[in-house]
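Reading through the structure tokens given below for one structure.
The first residue of the sequence shown is numbered 1, and numbering continues consecutively from there.
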Amino acid sequence: MDPIAKPRCGWARGSELMVRYHDEEWGVPRADDRGQFEFLVLESAQAGLSWSTILSRREGYRQCFAGFDPVRVAAFTEADVARLMADRRIIRNRLKIESAVANARAFLEVAARHGSFSRWIWGYVDGRPLEHEIASDDLLPPNSPLSDRLARDMKKLGFRFLGTTILYSHLQATGLVNDHILSCFRHEEVRALGEKLKWN
């Protein structure tokens, strides 16, 4: 079968970049802190914009945000914010940039208390992805009681610009929920990856 003709989630059409992201990354369980932080930065930046817009700037974000190293981003100063505001490789929105820095600091505090940020956030689903059986793209939810709870908790912990809709997208992207529709070829593949997830 032509790889482009494989049955996919409807949103994954339109560009080779989106297809590759869908086929290789979306929904794959991420248990590494740097991966979790990367998607927090990118999902927050995406608010009000299309995901394809952010995905096309992903490498720019990686370079501007120190390879998504939360330790380095947490040390950013006002001079760094000013530098990023002038960088055309990313979305030059002061609130989003400042939130990424504040979120890096909150991220490190959570990691210090719980051993890792990943261990903390995966605790919301008892360490195993939630397997959703969604029949079509128009049934994909924009948020959930889980993302509502997570948004409230993260706000209390000092995270900014991460509401329930953004965080539901984060849960989808990092594999805490499997929202590939049932007819998508990745649904079963991602489910199998979730079954292999182990915590030390």
Side-chain angles (χ1 to χ4, degrees), residues 21 25-51 53-55 57-58 61-62 64-78 80-81 84 90-91 93-132 140-179 190 194 197 199-200:
Y21 170 69
E25 291 190 81
W26 194 69
V28 173
R30 300 296 300 259
D32 63 302
D33 272 16
R34 189 169 296 209
Q36 287 284 339
F37 183 67
E38 174 176 0
F39 278 101
L40 286 176
V41 172
L42 296 178
E43 295 289 355
S44 178
Q46 187 254 336
L49 302 168
S50 69
W51 181 241
T53 296
I54 300 303
L55 208 54
R57 289 169 169 78
R58 188 179 191 177
Y61 272 93
R62 181 173 285 110
C64 290
F65 285 90
F68 299 110
D69 181 345
V71 174
R72 294 175 63 188
V73 175
F76 279 10
T77 64
E78 183 55 40
D80 291 304
V81 172
L84 293 174
I90 64 170
I91 303 300
N93 177 300
R94 179 173 290 275
L95 178 60
K96 292 179 179 181
I97 293 169
E98 290 177 340
S99 294
V101 177
N103 291 344
R105 294 166 184 163
F107 186 98
L108 293 176
E109 290 179 6
V110 169
R113 282 200 296 268
H114 298 274
S116 73
F117 178 88
S118 291
R119 183 175 297 278
W120 174 78
I121 196 169
W122 276 94
Y124 280 80
V125 293
D126 295 325
R128 284 289 179 270
L130 300 180
E131 294 294 330
H132 293 166
L140 282 168
N143 49 52
S144 71
L146 172 59
S147 64
D148 292 345
R149 178 184 165 207
L150 187 58
R152 288 193 300 269
D153 290 351
M154 290 181 75
K155 183 176 181 180
K156 292 175 184 175
L157 292 169
F159 289 89
R160 295 161 47 184
F161 219 82
L162 291 172
T164 183
T165 301
I166 292 173
L167 284 172
Y168 193 75
S169 293
H170 181 80
L171 296 173
Q172 292 173 311
T174 58
L176 278 86
V177 299
N178 180 5
D179 271 1
V190 166
L197 188 65
W199 295 96
N200 295 327

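Side-chain atoms of Leu140 and Gln172, non-hydrogen and from C-beta on, do get closer than 4.5 Å to each other. Looking at Arg152 and Arg149, their side chains come closer than 4.5 Å, going by heavy atoms from C-beta outward. Side-chain contact check for His170 versus Ile166: every heavy-atom pair is 4.5 Å or farther apart. For the pair Tyr168 and Asp179, the minimum side-chain heavy-atom distance is below 4.5 Å. Looking only at side-chain heavy atoms (C-beta outward), Leu176 and Leu146 stay at 4.5 Å or farther from each other.
Atom CH2 of Trp122 and atom OG of Ser116 lie 12.0 Å apart (nearest 0.5 Å). How far CD1 of Ile54 is from OG of Ser44: 9.0 Å, rounded to the nearest 0.5 Å. Distance CG/Leu55 to CH2/Trp26: 13.5 Å, rounded to 0.5 Å. Here the CD1 atom belonging to Ile121 is positioned 5.5 Å from the CG atom belonging to Leu171, to the nearest 0.5 angstrom. Interatomic distance, OG of Ser99 versus CG of Leu40, reported as 11.5 Å (0.5 Å rounding). Atom OG1 of Thr174 and atom CD of Glu43 lie 8.5 Å apart (nearest 0.5 Å).
When each of Leu42, Ile91, Leu49 is checked for a side-chain contact (heavy atoms from CB on, under 4.5 Å) with Arg57, only Ile91 meets the rule. Each of Arg30, Arg34, Gln36 was checked for a side chain to side chain donor-acceptor pair (under 3.5 Å) with Asp32, and the lone residue meeting it is Arg30. Just one residue in the list Phe117, Phe68, Phe107, Phe159 forms a ring-ring contact (aromatic ring centres under 6.0 Å, His included) with Phe37, and that residue is Phe107.
Residues Arg94 and Glu78 are paired through a salt bridge, judged by an N-O separation under 4.0 Å between the basic side chain and the carboxylate.
Under the 3.5 Å distance criterion, the side-chain polar atoms of Arg62 are left unmatched by any main-chain donor or acceptor of Glu38. In this structure a side-chain-to-backbone donor-acceptor pair under 3.5 Å is missing from Asp153 to Leu150. Counting only distance, with no hydrogens or angles, the side chain of Asn93 and the backbone of Leu95 share a donor-acceptor pair below 3.5 Å. When atom types are taken as modelled, the side chain of Asn103 and the backbone of Arg160 share a donor-acceptor pair closer than 3.5 angstrom.
When every heavy atom of Gly27 is checked against every heavy atom of Val190, the shortest pair comes out as O-CG1, 3.1 Å. Across all their heavy atoms, Ala151 and Gly163 have their closest contact at CB-C, 3.9 Å. Summarising the geometry of Ala100 relative to Val73, their closest heavy-atom pair is O-CG1, 3.9 Å, with the distance given to 0.1 Å. Closest approach of Ala104 to Ala74, counting heavy atoms only: CB-N, 3.6 Å.
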*Could you give me the CA-CA distance, side-chain angles and deciding distance for Lys96 and Ile90, then say whether side chain to side chain contact (heavy atoms under 4.5 Å, CB included) is met?*
CA-CA 10 Å; Lys96 292 179 179 181; Ile90 64 170; over 6 Å; no
*Given the rule in the side chain to side chain contact (heavy atoms under 4.5 Å, CB included) test, do Arg128 and Leu197 qualify, once you have shown the distances and angles that lead to the verdict?*
CA-CA 7 Å; Arg128 284 289 179 270; Leu197 188 65; 4.0 Å; yes
